[in-house]
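Below: one structure, written as structure tokens.
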Amino acid sequence: MNGIAMPSPSSPLLPDERLAAGAARLATRYAGHFAPETVLGLLADSYTRLAEQARIRTHLVVLAEQLTAERLDAPARTQGLVSGPVRVLFVCRQNAGRSQMAAALLAHRAGERVTVSSAAPPADEVEPHIVQALTEAGVDLADAYPKPLTEEVVQAADIVITMGCSDACPVMPGRRYLDWPVADPDGAPIAVVRDIRDAIDARIAELLTQLAS
């Protein structure tokens with residue numbers, strides 16, 4: 001299958017032995033589409049990408065498996081092997097807060113109508129004021145982890161939204177690209193973070209209206 005590079009015979013073993021269980025799950029999930037060696041190599045690469053900038057590695061194994069699944073879904077979706085709801089990707093390379101806020105808000109508002117992900121610098125924890133502002137709106141940040149911006153992740157998206165960070169994304173045919181210029185919540189007081197949350201939420205409401213029509 002195109003889009004995923006096969007690991008070479010000299011590919012290193014998994015960087016963390018705890019990844020073996022995830023590799024087995026993914027190999028079973030994608031049996032008939034990807035060879036186990038392909039899954040193994042991509043899982044090791046996903047873990048390495050996440051570990052490069054992570055100071056705390058408690059959840060790296062789980063996050064690496066999730067990222068690998070998204071990267072495997074991309075070519076499978078592109079070639080029509082899997083289908084599903086509209087996929088929206090939020091991108092902010094300068095700060096994880098904006099993309100995580102947007103991803104969490106959209107997932108909360110859209111439910112199963114939309115599949116949401118975010119790409120940003122790996123973050124060990126979310127800014128407390130961001131957590132507070134989203135909690136006040138009844139939004140859970142549990143699954144809104146940012147991931148490295150890979151070509152496969154962009155390929156899997158139907159809509160790619162940059163967060164006013166002057167980010168450049170790989171341009172793929174057939175994708176819709178939007179830019180939402182919103183302020184940076186990093187280090188901002190809670191009142192400002194609430195305003196940023198509301199500004200993002202208003203744009204999400206407009207996006208959902210467009211998708212519904």
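None of the values given here were measured: they were computed from a predicted structure. Excluded from the calculations below are hydrogen atoms, water molecules and symmetry mates; all remaining heavy atoms, backbone and side chain alike, are included.
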Report yes if some heavy atom in the side chain of L89 is under 4.5 Å from a heavy atom in the side chain of S117; otherwise report no.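 When only atoms from C-beta onward are counted, S117 and L89 do touch, with a gap below 4.5 Å.
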Can you tell if the side chain of L208 reaches within under 4.5 Å of the side chain of L106, non-hydrogen atoms only?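 In short, these two side chains touch, coming nearer than 4.5 Å.
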So, taking the atom named [atom1] in [X] and the one named [atom2] in [Y], what distance separates them when rounded to the nearest 0.5 Å?
| X | Y | atom1 | atom2 | result |
| --- | --- | --- | --- | --- |
| T162 | D179 | OG1 | CG | 3.5 Å |
| S46 | Q66 | OG | CD | 11.0 Å |
| I159 | R175 | CD1 | CZ | 11.5 Å |
| L50 | D45 | CG | CG | 9.5 Å |
| I130 | I196 | CD1 | CD1 | 8.0 Å |

Between H108 and L134, is the side chain to side chain contact (heavy atoms under 4.5 Å, CB included) condition met? List the steps. CA-CA 10 Å; H108 178 72; L134 290 174; over 6 Å; no
By salt bridge (Lys or Arg N to Asp or Glu O under 4.0 Å), which residues pair with [X], not counting sequence neighbours?
| X | value |
| --- | --- |
| R203 | none |
| R25 | E65 |
| R113 | none |

Of the non-hydrogen atoms in [X] and [Y], which two are nearest, and what is the gap between them?
| X | Y | answer |
| --- | --- | --- |
| A133 | V193 | CB-CG1, 3.7 Å |
| A183 | R98 | O-CD, 3.4 Å |
| L40 | A23 | CD1-CB, 3.8 Å |
| L26 | A69 | CD2-CB, 4.0 Å |
| A188 | D184 | CB-O, 4.3 Å |

With sequence neighbours excluded, tell me which residues meet side chain to side chain contact (heavy atoms under 4.5 Å, CB included) with A102.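 Applying side chain to side chain contact (heavy atoms under 4.5 Å, CB included) to A102 gives F90, M163, I200.
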Suppose we screen for side chain to side chain contact (heavy atoms under 4.5 Å, CB included). Which residues come up paired with Q210, at least two apart in sequence or across chains?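 Side chain to side chain contact (heavy atoms under 4.5 Å, CB included) check on Q210 returns R176, E206, L207.
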Residue pairs passing the side-chain hydrogen bond (donor to acceptor under 3.5 Å, both in side chains) test where at least one lies in residues 189-201, sequence neighbours excluded: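 Matches after skipping sequence neighbours: R109-D201, E136-R194.
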Scan for salt bridge (charged side-chain N to carboxylate O under 4.0 Å, His left out) pairs involving residues 27-36, sequence neighbours excluded, and state none if there are none.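 Qualifying pairs: R29-D73.
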Kindly determine whether V91 and Y177 satisfy side chain to side chain contact (heavy atoms under 4.5 Å, CB included), including the steps that lead there. CA-CA 11 Å; V91 178; Y177 289 83; over 6 Å; no
Intermediate values then yes/no, side chain to side chain contact (heavy atoms under 4.5 Å, CB included), D16 and L60: CA-CA 10 Å; D16 188 314; L60 277 182; over 6 Å; no
Side chain to side chain contact (heavy atoms under 4.5 Å, CB included) between Q132 and I190, intermediate numbers included: CA-CA 8 Å; Q132 179 181 343; I190 184 61; 3.8 Å; yes
